[in-house]
Amino acid sequence: MNEAKRLYEGKAKIIYQAEEPDRVYMSFKDEATAFDGKKRGLIAGKGFFNAQISAALFQYLEGQGIPTHYLGRADERTLIVRRLAMLPVEVVVRNLAAGSISRRLGLEEGRPLHPPVLEFYYKSDALGDPLINEYHIRALELATPAQVAEMAALAERVNAALSPHLRERGLILVDFKLEFGLAEGRMVLGDEISPDTCRLWDASTQQPLDKDRFRRDLGEVEEAYAEVWRRVTGGESQWSGGPQSA
Ligand code: UDP
């Protein structure tokens, strides 16, 4: 990737401009952060695993009729994606209580939520991504009411498609975060879908196989990402080196 074309570097990914103006490269890093960047570390191979897991899940969702930014793979940790005008809103879907909702509402971890709970967060590092609702989104002009409705409907469809798909692979989709953007006025699913952005519990042991292993110092962090990669992709890589060369 040509340094001159670097558009943006975030905590877990770097975005590069592709030759085509409507495409970018999304390169996944091994660096990990938690608690608003207060905790930092390296998870060896995470960039490879998250790129491959995201690619497989975006491909699956496209097959289910959900528009995503995914176009293909550039190298073992880099995806080719459509360039989107991102909306500054994170959409979280929760099937079981965990993390911030357990703390905020005093819910036992693992308590089922029927119907699944949908939340919006304002994407702002300076403010620590605060929880917001449709009224905030409208008043702050973060998105139109029609766009909010479309994000919510797509998030519910993603959940309905992904939950059984992962369950068949021995993974419980506890909760996850999505980000959306616009391409030629059309709402498209962007960002990533990985153990960094989903809570995934092993269906037989209920143990987390996601970033909570890093957040909570549970150990076997790399192994968890590798296990999700194996279950989601079948452990096949298009790249000769596999995870070791990542
Ligand atoms: N999440 C994320 N990015 C964020 C915040 C949350 O990907 O900036 C994901 C997180 O991994 C989990 C879900 O969204 O799968 C819900 O996270 P929660 O609100 O419980 O926050 P946490 O307890 O992780 O701080």
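None of the values given here were measured: they were computed from a predicted structure. What you see below is based on every heavy atom in this structure, not just the backbone, and it leaves out hydrogens, waters and symmetry mates. Counting begins at 1 with the first residue of the sequence.
A donor-acceptor contact under 3.5 angstrom links the side chains of Asn159 and Asn95, judged on distance only. Between the side chains of Tyr225 and Asp196, at least one donor N or O sits under 3.5 Å from an acceptor N or O.
A single hydrophobic cluster is seen to contain both Phe176 and Ile66, as judged by linkage of ILVMFWY side chains at heavy-atom distances under 4.5 Å, directly or through other members. A continuous path of hydrophobic side-chain contacts links Val24 to Ile193 [ILVMFWY only; heavy atoms under 4.5 Å].
Taking 4.0 Å as the cut-off between side-chain N and carboxylate O, Arg231 and Glu227 count as a salt-bridged pair. Under the 4.0 Å criterion applied to side-chain N and carboxylate O atoms, Glu108 and Arg111 are not assigned as salt-bridge partners. Electrostatic pairing of Glu141 and Arg138 does not count as a salt bridge here, judged by no charged N lying under 4.0 Å from a carboxylate O. Taking a cutoff of 4.0 Å between a charged side-chain nitrogen and a carboxylate oxygen, Lys13 and Glu192 qualify as a salt bridge.
Stacking of Lys39 on the aromatic ring of Phe214 is recorded, both the 6.0 Å distance cut-off and the 45° axial limit being met. By the 6.0 Å and 45° rule, Lys5 does not stack over the aromatic ring of Tyr16.
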Next on the checklist: For Gln52 and Thr233: C-alpha separation, side-chain torsions, deciding distance, then whether side chain to side chain donor-acceptor pair (under 3.5 Å) applies.
Outcome noted: CA-CA 8 Å; Gln52 301 300 327; Thr233 68; over 6 Å; no

Next on the checklist: Apply side chain to side chain contact (heavy atoms under 4.5 Å, CB included) to residues Met187 and Leu87 and explain how you reach the verdict.
Outcome noted: CA-CA 10 Å; Met187 187 70 69; Leu87 297 169; 3.8 Å; yes

Next on the checklist: Please evaluate residues Gln17 and Arg23 with respect to the criterion side chain to side chain donor-acceptor pair (under 3.5 Å), reporting the C-alpha separation (whole Å), side-chain torsions for both, the decisive distance (0.1 Å), and the verdict.
Outcome noted: CA-CA 7 Å; Gln17 181 60 54; Arg23 292 179 174 202; over 6 Å; no

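One distance of note links CG of Leu189 with CZ of Phe180; it measures 5.0 Å at 0.5 Å rounding. Note that CZ of Arg83 and CG of Asp22 are 9.5 Å apart. Values are rounded to the nearest 0.5 Å.
Ring planes of His165 and Tyr60: parallel class, angle under 30° (limits at 30 and 60°).
Counting all heavy atoms, side chain and backbone alike, Glu119 lies closest to Ile101 at OE2-CD1, 3.7 Å.
Checking each of Arg216, Arg103, Arg94 against Glu109 for a salt bridge (Lys or Arg N to Asp or Glu O under 4.0 Å) leaves exactly one that passes, namely Arg216.
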